[in-house]
Amino acid sequence: MRRLENKVVVVTGAASGIGRAAALRFAAEGAAVAALDINPEGLAETQRTIASESGIAHTYAVDLTQSEQVETSIQSIVAEHGPIDGLFNVAGGSGRRHGDGPVDQCTLDGWEYTLTLNLTTTFLMCKYSIPQLKDGGAIVNLSSVLGLTGNAEFATHAYAASKGAVISMSQAMAVYYAPRGIRVNVIAPGLIKTGMSARAQSNEAVMALMKRLQPLTGTIGDAEAVADVAAFLISDDARFVTGVVIPVDGGWTAQ
């Protein structure tokens, strides 16, 4: 399918994981992809892979926690490629190493780091992209099943708070920007095979939990499954879909 032909689509976190998988999928669908990440080496690899498949990708190394850098990157994208048709906010991650954990154990530094990493970056990208987004454009924000449900085995409460806030912000945006035809939707993945989940992948007890938590396959999902849903939500196939949260979780939240 070439559902994104002649569209400019921005992807954050595009140097690896879900962001890279989405960038590859959008390019395969015909989009000119603007790939953003703090990791220039990973971005270069994403660009090489897309180019090897005759796709179009342009890379922007940017710290998405810095307002000025985000604003400048959006200005550059528009100056070089024209107005934006779609935005997929993937960038984020775990704050465990910085002090995230259960509320009574989470440090203030861990709390602030995690909310900045997951929520502020999404806010800044939306803030500066929406004025440059075509009427009828689409935004997809990445949340998590942990933003929807409590789970004792994955006790990172700042992460859960940040991902829950992504959902509420997105739904508020969906209503507010609907008169412009702008759609705002959310994907909430379960445990997906990425660099971020490497710790879980190496933990036998966590992997054993997948038989219960993600019963569809009994194991972790792949980044391409998330990218497939993102491509649908960015495309005109989802033209009457806004304000929804789609779990891509192998059955986690259905229980």
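Heads up: numbering here begins at 1 and tracks the sequence.
Side chains of S67 and Y128: a donor-acceptor N/O pair is present below 3.5 angstrom, by distance only. Under 3.5 Å, the side chains of Y60 and Q69 contain no donor-acceptor pair of N or O atoms.
Pairs engaging residues 29-42 under the salt bridge (Lys or Arg N to Asp or Glu O under 4.0 Å) rule: R3-E29, R25-E29 [sequence neighbours left out].
The two atoms that bring D249 and Q214 nearest to each other are O-CG, 3.2 Å, heavy atoms only. Considering every non-hydrogen atom in both G19 and V11, the closest pair reads O-CG1, 3.5 Å. The shortest heavy-atom contact between F232 and A238 is O-CB, 3.3 Å. Residues S94 and L117 approach most closely at O-CD2, 4.1 Å, considering heavy atoms. Between K7 and D85, the shortest heavy-atom contact is CA-OD2, 3.3 Å.
The residue from T114, L115, L108 that alone fulfils the side chain to side chain contact (heavy atoms under 4.5 Å, CB included) condition with E112 is L108.
Atoms NZ and CG, on K163 and N118 in that order, are 4.5 Å from each other to the nearest 0.5 Å. A distance of 6.0 Å separates CZ of R20 from OG1 of T49, quoted to the nearest 0.5 Å.
Counting heavy atoms of neighbouring residues, nucleotides and ligands inside a 6.0 Å radius, atom CZ of R2 exceeds 12 of them.
With salt bridges taken as basic N to acidic carboxylate O contacts below 4.0 Å, one links R180 and D135.
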Apply salt bridge (Lys or Arg N to Asp or Glu O under 4.0 Å) to R212 and E153, showing your working. CA-CA 12 Å; R212 172 172 60 86; E153 289 90 1; 3.0 Å; yes

